[in-house]
Amino acid sequence: MEPLTTREQEILNFVSYGYTAQEIGKKNDISIHTVNTHIRNIYSKLAVNSRAEAIMKAVRHGIIKTDN
């Protein structure tokens, strides 16, 4: 599995909290297109096809933390 960049980890963390691409863009002062590019790169690096799969795999591999 290819490592995620710091920015990709930040984006994935926002995704895990349920933010939309538009909301993530506004919070990070980047375009929705840039957010979607990051999300596509995250999917590719994690070898997943959905937000849910990306979050599950990231938690399993310690890329993002849960609020437990």
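Values reported hereafter were calculated over all heavy atoms of this structure, with side chains retained and with hydrogens, waters and symmetry mates removed.
- Residues Val35 and Phe14 are not in side-chain contact: their nearest non-hydrogen atoms beyond the backbone lie 4.5 Å or more apart.
- Contact between Tyr43 and Ser50 at its shortest, heavy atoms only, is OH-C, 3.3 Å.
- With sequence neighbours excluded, the residues satisfying side-chain hydrogen bond (donor to acceptor under 3.5 Å, both in side chains) with Tyr17 are Asp67.
- The hydrophobic cluster containing Val59 also contains Leu12, counting ILVMFWY residues as joined when their side-chain heavy atoms lie under 4.5 angstrom apart, directly or transitively.
- When all heavy atoms of Ala21 and Arg51 are compared, the closest pair comes out as N-NH2, 3.9 Å.
- For residues 2-31, every residue pair satisfying the salt bridge (charged side-chain N to carboxylate O under 4.0 Å, His left out) rule, not counting sequence neighbours, is listed here: Arg7-Glu10, Glu8-Lys45.
- Interatomic distance, Thr37 OG1 to Ile42 CD1, rounded to the nearest 0.5 Å: 10.5 Å.
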Candidate pair Ile30 and Ile11, rule side-chain contact (heavy atoms from CB on, under 4.5 Å), full reasoning: CA-CA 11 Å; Ile30 57 177; Ile11 299 295; 4.2 Å; yes
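- With rounding to the nearest 0.5 Å, the separation of CE in Met56 from NE2 in His61 is 11.0 Å.
- To the nearest 0.5 Å, atom CD1 of residue Ile24 and atom CG of residue Asn13 are 9.5 Å apart.
- The number of heavy atoms from other shown groups lying within 6.0 Å of OH (Tyr19) does not exceed 12.
- Screening Asn41, Ile63, Ile55 for a side chain to side chain contact (heavy atoms under 4.5 Å, CB included) with Leu46, the sole residue that qualifies is Ile63.
- The two residues Gln9 and Leu4 come nearest to each other via the heavy atoms NE2-O, 3.4 Å.
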